[in-house]
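To start, the structure under review is shown below, and the notes come after it.
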There are 2 protein chains.
Amino acid sequence: MTDEARAYHHGDLRAALLDEAAAMIAEGGAASVTMRGLGRRVGVSRAAAYRHFEDKTALLVAVAAAGFSRLNDRLAAVDASAPRSGVERIRRMGEEYVRFALENPAQYRLMYGREAIARRDLPELREAGNALFEQLVDMIQAYQESGKIKRQDPRAQAYVAWSAVHGLASLLIDEQILTAVDVDGLIRQTTRTVWDGMRVRRRRGA
Amino acid sequence: MTDEARAYHHGDLRAALLDEAAAMIAEGGAASVTMRGLGRRVGVSRAAAYRHFEDKTALLVAVAAAGFSRLNDRLAAVDASAPRSGVERIRRMGEEYVRFALENPAQYRLMYGREAIARRDLPELREAGNALFEQLVDMIQAYQESGKIKRQDPRAQAYVAWSAVHGLASLLIDEQILTAVDVDGLIRQTTRTVWDGMRVRRRRGA
DNA sequence: ACTGTATGTTGACATCGTCAACACTGACGA
DNA sequence: TCGTCAGTGTTGACGATGTCAACATACAGT
């Protein structure tokens, strides 16, 4: 065998396939990923991937799972470094979430797309998605306990907040929002509005 | 020629194709639509559709446009019948929007999916989508003028509101939200939160 | 050295979108 | 009445795709 990678066996084909597939998705969307094209780019035959993934969908789902895990890490980093309370924290988290979507539009779309749904049974995917949500629920619970926001079902509140950022991210990457608008400002306004809507407010009547 | 439809010529193949494609999408998602399968179901050859649509994507985009127009109609109906002001109006509109998505998940997905984006140039699609948004902007402007909600850029506020309902609809149809939750309650809480976040509120400090 | 298992390759097949060539039909002008 | 022509539908063919079965190669443990 020569020294470098190219013997009959690859070394770590699985990882190489995931990386290259992610690159193809970033370049041309999930639809542009082809078993044959992928094999060509990795320097391997068209059917080689089937030794590591049950089928094409499984490969895409694995890329989606990797996306969730990257997103988790980024949010956790912000969670650790952001100010302890107030709108600012929420804003930073929401901003990071949307920014991830904008930087990885095709992968983000894949994470919430049909293939991913079809294989929700895969623990890899399920756990990554759930971790994200639970992180959000915890945050909301903390805000409730410190008396900043209304005491409602924290999961319902989490769904509301998630809806807002996910909706904004989706509309942005699907180019439904005029590109002329100030994206950062829109993110700020979205998180601000949701935050204000959740804050406790004084009653004046009965 | 026999009396009924089946001569060599079809009569209104274009409409029949659109209907049948919509049915296939509802049954098995956009990915299940096949030119050959579609032709088979309509009782026509595989290439017949090409006399009416440039290619498969154009056909799907036409179905998406029809979806926008149906959604427009439904929202307009609610707009006409809902109480003139207050949260209730917002809630009814949001509810109708999400309900449409839940009743037509695959078509809703198509309306905001890749193919539709690729052909945004088609006036049919562009107009339908814009009409929807302008309707929302008008509503928000009216609320601003009656002093109910903050005077901010109405388009920005519209984006925020749209993000919330679109996000909620997306999460629901993509099964990211546990099916156990009370959907109507969640819709209510979402619109309520956005509404409260937009309302004018008294300052206590400077 | 032998053998089994993991990994990679090649050949083949059905299915798909699409195009070019052809066929049928109805309408309109001579 | 007939001929022509544009509109509409059909068939044959092609290249690309996902996937399977059969085969080849490499490595690990006896």
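Within every chain, numbering begins at 1; the chains are lettered A, B, ... in the order of the sequence lines, protein sequences first and strands thereafter.
The base of D:dT8 is not paired with the side chain of B:Arg14 by any donor and acceptor separated by under 3.5 Å.
Counting to the nearest Å, the P atom of D:dA24 and the CZ atom of A:Arg51 are 14 Å from each other. The CZ-P distance, from B:Phe53 to C:dG17, rounds to 15 Å in whole Å. The distance between atom CG of B:Leu17 and atom P of C:dG17, rounded to the nearest whole Å, is 13 Å. The OH-P distance, from B:Tyr50 to C:dC16, rounds to 12 Å in whole Å. We find that CZ of A:Arg46 is positioned 12 Å from P of D:dT17, with the value rounded to whole Å. As rounded to whole Å, 18 Å separates atom P of D:dT25 from atom CG of A:Leu13. Atom CG of A:Asp55 and atom C1' of D:dG18 are 9 Å apart (whole Å). Per the geometry, CD belonging to B:Glu115 stands 12 Å off P belonging to C:dG17, to the nearest Å.
Relative ring orientation between A:His166 and A:Tyr108 is described as tilted, the plane-to-plane angle lying within the 30° to 60° band. Classification of the A:Trp162-A:Tyr159 ring pair by plane angle, with boundaries at 30° and 60°, yields parallel.
Contact check of residues 31-40 of chain B against DNA chain C (heavy atom, cut-off under 4.0 Å) returns B:Val33, B:Thr34, B:Met35, B:Arg36.
Checked by atom type and distance alone, the side chain of A:Arg89 pairs as donor or acceptor with a backbone atom of A:Ala82 at under 3.5 Å. For the pair A:Arg109 (side chain) and A:Ile173 (backbone), a donor-acceptor distance under 3.5 Å is present. Looking at B:Glu95, its side chain never comes within 3.5 Å of a backbone N or O of B:Asp184 through a donor-acceptor pair. Without hydrogens or angle criteria, B:Asp174 side chain to B:Gln176 main chain gives no donor-acceptor distance under 3.5 Å.
Contact check, B:His52 against D:dG9: a side-chain N or O comes under 4.0 Å of OP1 or OP2.
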